[in-house]
Amino acid sequence: MSELLLNSFSFLLSGFVALTWQQVVMMAVGCLLLWLGIAKGYEPLLLLPIGFGAVLVNLPLTGLMEQEGLLRFFYDWGVLTEVFPCLIFVGIGAMTDFGPLLQRPSILLLGAAGQFGIFLTLALALALGFTQLEAVAVGVIGACDGPTAIYVTSKYAPQLLGPVSVAAYSYMSLVPLLQPPVMRALTTKREREIAMRGSKESVSRPVRVVFPVLVTIITCLIAPKGAPLMGMIMLGNLMRESGVVGRLLGAAENEIPNVITLLLGISIGATMQAEQFLRWATLLVLMLGLVAIVLDTAAGVLFGKLMCLLTKGAVNPLIGAAGISAYPMAARVAQTEGRKYNKRNYLLMHAMGANTGGQIGSVMAAGIMLSILQGLGLG
């Protein structure tokens, strides 16, 4: 009887005995993400399931990421097959208004400029010893677009999915803190005070309907490997602008992204196992991700300064910072900074145009890199 009790007691303590300090550290990281999402409100829809997934997967003897484990099923079915990030893009497209971009198409150039940091960080990652496929995954963090980063990383560098995903979503939530110092450092007070005129002409419905179809055809011909992402975001936008599929639009805006966000978040958290996450490569990924976003912001602002010069002061360079894909957060940052220096300044709609251009630009940048990798025989 005493032996039975002893064995039962030992069994009950087996989880504590198997617990390693590395797993304790990773559970603490998961709790930190939970705190940031719950107490600070930083991207709670993603940081909460990611943080909880990180806690779950580091509990010993649970088998959640083993072959028949629950989290392994979510990860294999949704992340490795690229289903989750593509479905998220349907929701993004359904909630995106490309009207401000269509009113001033030249702002699309700011969305392109806002992707330069991706390629600069890619070169830096190669110099630090990352493989070509890993460097592409690290560089895409600069797009400030979580689904794009997940799509590229799960396809070509799944061993980096945890740190890349955490970096992408963490830095995206920190855009209001990361961007303003860069914006102020690269612009003069006079430039920040520039008030931009709004367009009085509205974009016609036919133009709004044709736009997603035309963008899909052109961009996928240029970068075929970007078709899954570009196709899904433009499908979502076509449903929005067509006005004939209200039920599908409602699902694309609400139920689908809500369910997929939950499953995607917990699947990302499941990749944060101690033995895979606690490496020097993780720290480098986090550092390079920060560099990428700072460089993207700088490139966008500098191109905004060039547009300001060419238009003889008609463009406020601050909207260049919105050329990344953190929609609509980056646009709000540009508006907030502009209002600090000119109370009559209203940059939001112009910045939204740059921001939506950044969404297209980030997918295009990823598609171009993937197409190049395929051409080199690496993809």
Side-chain angles (χ1 to χ4, degrees), residues 96-120 142-145 175-204 207-208 211 214-215 218-219 292-365:
T96 300
D97 180 9
F98 287 109
L101 177 63
L102 293 171
Q103 287 180 322
R104 194 165 191 165
S106 61
I107 290 181
L108 181 63
L109 296 174
L110 294 174
Q115 312 308 315
F116 285 174
I118 294 175
F119 299 97
L120 294 173
C144 217
D145 184 345
V175 159
L177 299 178
L178 297 176
Q179 285 198 319
V182 180
M183 297 162 72
R184 290 192 289 266
L186 296 177
T187 56
T188 64
K189 183 174 181 293
R190 184 176 180 181
E191 289 173 334
R192 295 192 289 271
E193 291 174 344
I194 294 175
M196 295 180 65
R197 295 180 179 178
S199 175
K200 296 181 180 179
E201 297 182 5
S202 61
V203 181
S204 67
V207 172
R208 287 177 174 269
F211 178 74
L214 193 61
V215 168
I218 294 175
T219 57
I293 291 176
V294 169
L295 289 176
D296 276 346
T297 301
V301 172
L302 290 174
F303 197 85
K305 288 172 71 75
L306 177 61
M307 291 184 69
C308 178
L309 178 64
L310 295 177
T311 58
K312 298 180 180 179
V315 174
N316 189 315
L318 291 179
I319 69 171
I324 61 175
S325 189
Y327 178 87
M329 196 178 301
R332 291 173 181 162
V333 172
Q335 163 70 7
T336 300
E337 287 299 304
R339 293 275 291 182
K340 286 181 181 179
Y341 297 93
N342 183 349
K343 295 298 182 182
R344 294 176 297 175
N345 214 348
Y346 193 74
L347 300 177
L348 184 60
M349 294 310 294
H350 303 286
M352 290 285 276
N355 212 176
T356 52
Q359 287 193 302
I360 296 175
S362 68
V363 177
M364 271 297 295

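Between L347 atom CG and Q335 atom CD the span is 6.0 Å, to the nearest 0.5 Å. Atom-to-atom distance recorded for M183:CE and T336:OG1 is 8.5 Å, nearest 0.5 angstrom. A distance of 7.5 Å separates OG1 of T311 from CD1 of I194, quoted to the nearest 0.5 Å. The distance from the OG1 atom of T297 to the CD1 atom of I293 is 7.5 Å, given to the nearest 0.5 Å. From F98, atom CZ reaches atom CG of N355 across 10.5 Å, with rounding to the nearest 0.5 Å. With rounding to the nearest 0.5 Å, the separation of CE in M196 from OH in Y346 is 13.0 Å.
The shortest heavy-atom contact between V182 and L178 is CG2-O, 3.8 Å. For the pair P176 and M329, the tightest heavy-atom approach, listed with the atom from each and the gap, is CD-SD, 3.5 Å. Shown here for A113 and A299, the closest heavy-atom pair between the two residues is O-CB, 3.3 Å. The two residues P100 and M352 come nearest to each other via the heavy atoms CG-CB, 4.2 Å. Between A321 and A330 the shortest heavy-atom distance is O-CB, 4.2 Å. Between A365 and Q115, the shortest heavy-atom contact is CB-CB, 4.3 Å.
Looking at V175 and I324, their side chains come closer than 4.5 Å, going by heavy atoms from C-beta outward. Contact of the I319 side chain with the L110 side chain is registered, since non-hydrogen atoms from C-beta on lie closer than 4.5 Å. In this structure, the side chains of D97 and T356 stay at 4.5 Å or more apart for every pair of heavy atoms.
Checking side-chain atoms of K305 against main-chain N and O of G320 turns up no donor-acceptor pair under 3.5 Å. Without hydrogens or angle criteria, N316 side chain to R192 main chain gives a donor-acceptor distance under 3.5 Å.
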Margin query: Walk me through whether V207 and L102 qualify under side chain to side chain contact (heavy atoms under 4.5 Å, CB included).
Written below: CA-CA 8 Å; V207 172; L102 293 171; 4.2 Å; yes

Note to self: Would R184 and E337 count as a salt bridge (Lys or Arg N to Asp or Glu O under 4.0 Å) here? Give the steps.
What the structure shows: CA-CA 9 Å; R184 290 192 289 266; E337 287 299 304; 3.1 Å; yes

Next item on the list: Evaluate side chain to side chain contact (heavy atoms under 4.5 Å, CB included) for L101 paired with F211, printing each intermediate quantity in order.
Entry: CA-CA 11 Å; L101 177 63; F211 178 74; 4.2 Å; yes

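Shown here is F116, whose CZ atom has no more than 12 heavy atoms of other residues, nucleotides or ligands within 6.0 Å.
Using a 4.0 Å cut-off between charged side-chain N and carboxylate O, E193 and R190 make no salt bridge.
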